[in-house]
Amino acid sequence: MLDNSRTERVISMKLTLEGLKEQKAWEEAGIGLPSYNIEKVAADTKAAPVWVHFGAGNIFRIFIGGIADTLLANGEAEKGITCVETFDFDVVDKIYKPYDNLVLAVTLKADGSTDKRVIGSLTEAIKAQSDVAAEWNRLKEIFVNPGLQMISFTITEKGYALKGADGSYFPFIQADIDHGPEKPASAMAVVCALLHERYKENKAPLAVVSMDNCSHNGEKLQNSIITMAEEWNRKGFVEDGFMEYLSDENQVSFPWSMIDKITPRPADSVCAELEKAGVEEMAPVITSKRTYIAPFVNAEGPQYLVIEDKFPNGRPALEKAGVYLTDRDTVNQVERMKVTTCLNPLHTALAVYGCVLGYDLIADEMKDEQLNKLVHQIGPVEGMPVVTDPGILSPEAFVNEVITVRIPNPFMPDTPQRIATDTSQKVGIRYGETIKSYVEKYGDAKKLTAIPLAIAGWCRYLLAVDDNGKPFELSADPMASELTEKLSGIQVGKPETYKGQLKEILSNANIFGIDLYAAGIGERIEEMFVEEIAGVGAVRGALKKYLG
């Protein structure tokens, strides 16, 4: 008797090279796959790398990895990126290797939909472990390759720090200085040691590119690497010629850059959506270093990367994937535009008022009539007359996208409490620069209303009592205790308890970059603040009054 039954083939949608062979299933799930030969790109890149990146986390995987992926897909590049992790080696073991270095990139749109694609441009994942021969020898092999064009970084600003607040080297940095370039542990020592290998082998040129979100990032990176080299030179570990090599920007350049893309931690909702679509093993992991990371990365769509075009050994065609290549001064101007006018001042205003008004999601604040008006007034109205226009990006278009697309995106899980962190360290740049520009242009800053209102809101926030009269916890800030002490005696609901306690804060040029009384707005901020402490609902009342 014939058995006509057929065994159904099990389709397995795993984020691996083998799993991607189920091409039809991925397409039906609405997930784009690389059009290039991933294995050939990986083999070619391993044989002769051109781009190494340090810091294998989320913004790198979706943004920088996405740039390389675009270049490969469009035939503008033949090689991908070699990934090096300097801090959390679990990321390599748990997120790179089990998934064949593939990334599932999920773009979160403001309408709730998502774009999903697999990125195959991350060709190799290496741990920066000088005490593991295989890892260290591979890194040295890569760095002596004369065809290597650039190394880039997303290791956060802390990764460049060598000294503590007291001016002395951190113990782990001092250990790297004492031990020399043979067994470095910290990121800066590792990179300096590898650059020394390149110097000894062939003195080939190289671009060393920080892509971290901090001011003058190239300068910070350069200072840290040269400081490490100087200490090794002093101890006789490296030659004078190595110092000359590092200090010659025609040999080793340190381009500045500005990066902007919000990349929150992996969202449970995205994980559930992917698993519902049939993709297996998408659950996030928490590493031993407390990194919360997943096989997928979720992020907003808008992204900006502006880099100083100083690449002494050539570079990939980055501009073909949306990167702006320009001069150092323009990089600086783009950052100033973002930080002083078009993004950061708006975020800070929403952060302090959001905490006082009981919000726990930045996006929800944009549905609030007064807060929406506040950010429109701070950026497009008060900021534009004195904005730094970098030429390559329109400040008007940038701020419009921030207000209409980026901040209101309900699928970006950002909180006012997080953004309110360290506000005392931010107000000088975010508001002080515009105030100084008004004084320079008009003689004083009396034309301003929304920026003084934002500063009054910060002072009101420092009382740690919301607009319903209930206490809340202030976000971490190095000046929190000092500032709250200066406000002692002020009670919400008793405006008569205000006896000029703000004067010492508002006149402090170390906080704002300028004495706000000399700018003509100190008294106005005091008036706004007194109105905001009048009682329950007084903050809302002040916003309505000043924003019409």
Throw together a table of side-chain donor-acceptor distances under 3.5 angstrom for residues 448-455, partners on residues two or more places apart or in other chains.
unit_1: Thr449; atom_1: OG1; unit_2: Arg524; atom_2: NH1; d: 3.1

Short side-chain to backbone donor-acceptor contact, [X] and [Y], under 3.5 Å:
{"X": "Asp444", "Y": "Ala519", "value": "no"}
{"X": "Asp90", "Y": "Ser288", "value": "yes"}
{"X": "Thr415", "Y": "Leu361", "value": "no"}
{"X": "Asp115", "Y": "Val106", "value": "no"}
{"X": "Lys499", "Y": "Glu496", "value": "yes"}
{"X": "Lys470", "Y": "Val465", "value": "no"}
{"X": "Arg328", "Y": "Ser257", "value": "no"}
{"X": "Ser507", "Y": "Asp515", "value": "no"}
{"X": "Tyr438", "Y": "Glu382", "value": "yes"}
{"X": "Asp212", "Y": "Cys214", "value": "no"}

[X] and [Y]: side chain donor to acceptor below 3.5 Å:
{"X": "Asp414", "Y": "His347", "value": "no"}
{"X": "Thr291", "Y": "Asp88", "value": "yes"}
{"X": "Thr107", "Y": "Glu300", "value": "no"}
{"X": "Ser210", "Y": "Tyr160", "value": "yes"}
{"X": "Tyr517", "Y": "Glu526", "value": "yes"}

Just wondering, more than 12 heavy atoms not from [X] lying within 6.0 Å of its [atom1]?
{"X": "Glu473", "atom1": "CD", "result": "no"}
{"X": "Glu396", "atom1": "CD", "result": "yes"}
{"X": "Asp268", "atom1": "CG", "result": "no"}
{"X": "Lys276", "atom1": "NZ", "result": "no"}

Search all heavy atoms of [X] against all heavy atoms of [Y] and return the closest pair with its distance.
{"X": "Asn298", "Y": "Pro264", "result": "ND2-O, 3.4 Å"}
{"X": "Cys83", "Y": "Leu122", "result": "SG-CB, 3.6 Å"}
{"X": "Ser186", "Y": "Met228", "result": "OG-CE, 4.5 Å"}
{"X": "Pro380", "Y": "Met384", "result": "O-CG, 3.2 Å"}
{"X": "Gly218", "Y": "Trp256", "result": "CA-CD1, 3.6 Å"}
{"X": "Pro302", "Y": "Val405", "result": "CG-CG1, 4.4 Å"}

Under the criterion side chain to side chain contact (heavy atoms under 4.5 Å, CB included), which of Ile173, Thr227, Ile155 is the partner of Met188? Ile155
Would you call Lys116-Glu273 a salt bridge at under 4.0 Å N-O?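 Yes.
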When rounded to the nearest 0.5 angstrom, what distance separates [atom1] in [X] from [atom2] in [Y]?
{"X": "Asp309", "Y": "Thr330", "atom1": "CG", "atom2": "OG1", "value": "11.5 Å"}
{"X": "Lys486", "Y": "Lys503", "atom1": "NZ", "atom2": "NZ", "value": "14.5 Å"}
{"X": "Ser488", "Y": "Leu483", "atom1": "OG", "atom2": "CG", "value": "12.0 Å"}
{"X": "Phe296", "Y": "Glu275", "atom1": "CZ", "atom2": "CD", "value": "8.5 Å"}
{"X": "Asn213", "Y": "Lys261", "atom1": "CG", "atom2": "NZ", "value": "13.5 Å"}
{"X": "Asp360", "Y": "Cys355", "atom1": "CG", "atom2": "SG", "value": "10.0 Å"}

Is any side-chain heavy atom of Glu281 less than 4.5 Å from a side-chain heavy atom of Tyr99? yes
A side-chain contact here means heavy atoms from C-beta on lying under 4.5 Å apart; do Met282 and Val270 qualify? no
Is the positively charged end of Lys447 above the ring of Tyr442, judged by distance under 6.0 angstrom from the centroid and angle within 45° of the axis?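 Checked: cation-pi criterion met.
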Only pairs under 3.5 Å count here: list side-chain donor-acceptor contacts from residues 529-548, not counting sequence neighbours, and write none if there are none.
unit_1: Glu531; atom_1: OE1; unit_2: Lys545; atom_2: NZ; d: 3.2
unit_1: Glu531; atom_1: OE2; unit_2: Lys545; atom_2: NZ; d: 3.1
unit_1: Glu531; atom_1: OE2; unit_2: Tyr546; atom_2: OH; d: 2.6
unit_1: Glu532; atom_1: OE2; unit_2: Tyr353; atom_2: OH; d: 2.6
unit_1: Arg540; atom_1: NH1; unit_2: Asp368; atom_2: OD1; d: 2.9
unit_1: Arg540; atom_1: NH1; unit_2: Asp368; atom_2: OD2; d: 3.1
unit_1: Arg540; atom_1: NH1; unit_2: Gln370; atom_2: OE1; d: 2.8
unit_1: Arg540; atom_1: NH2; unit_2: Asp368; atom_2: OD2; d: 2.7

Only counting residues at least two apart or in another chain, list the ones meeting side-chain contact (heavy atoms from CB on, under 4.5 Å) with Val339. Glu335, Asn344, Ile429
Suppose we screen for side-chain contact (heavy atoms from CB on, under 4.5 Å). Which residues come up paired with Asp389, at least two apart in sequence or across chains? Pro395
Please step through side-chain contact (heavy atoms from CB on, under 4.5 Å) for the pair Ile407 and Leu350, ending with a clear verdict. CA-CA 10 Å; Ile407 297 178; Leu350 290 173; 3.7 Å; yes
Pairs where residues 51-66 contributes a residue and the test side-chain hydrogen bond (donor to acceptor under 3.5 Å, both in side chains) is met, not counting sequence neighbours: Trp51-Ser152, His53-Ser152, His53-Thr154, Asn58-Arg61
Quick one: which residue pairs count as a side-chain hydrogen bond (donor to acceptor under 3.5 Å, both in side chains) with a foot in residues 421-434, not counting sequence neighbours? Arg336-Glu433, Thr348-Arg430, Ser424-Asp477, Glu433-Lys436
Dump the intermediate steps for side-chain contact (heavy atoms from CB on, under 4.5 Å) on Met337 and Val387, then the final yes or no. CA-CA 6 Å; Met337 177 198 77; Val387 71; 4.1 Å; yes
Check the pair Ile151 / Phe153 against side-chain contact (heavy atoms from CB on, under 4.5 Å), numbers first and verdict last. CA-CA 7 Å; Ile151 61 173; Phe153 298 79; 3.9 Å; yes
Could you walk me through whether Tyr304 and Glu401 pass side-chain hydrogen bond (donor to acceptor under 3.5 Å, both in side chains), step by step? CA-CA 12 Å; Tyr304 297 90; Glu401 182 182 58; 2.4 Å; yes
For Thr156 and Lys158, what are the C-alpha separation, side-chain angles and deciding distance, and is it a side-chain hydrogen bond (donor to acceptor under 3.5 Å, both in side chains)? CA-CA 5 Å; Thr156 77; Lys158 290 176 184 173; over 6 Å; no
Step by step, work out the side-chain contact (heavy atoms from CB on, under 4.5 Å) result for Ile505 and Leu487. CA-CA 9 Å; Ile505 296 172; Leu487 299 179; 3.9 Å; yes
Taking the six-membered ring where the residue is Trp, are the ring centres of Phe472 and Tyr461 under 6.0 Å apart? yes
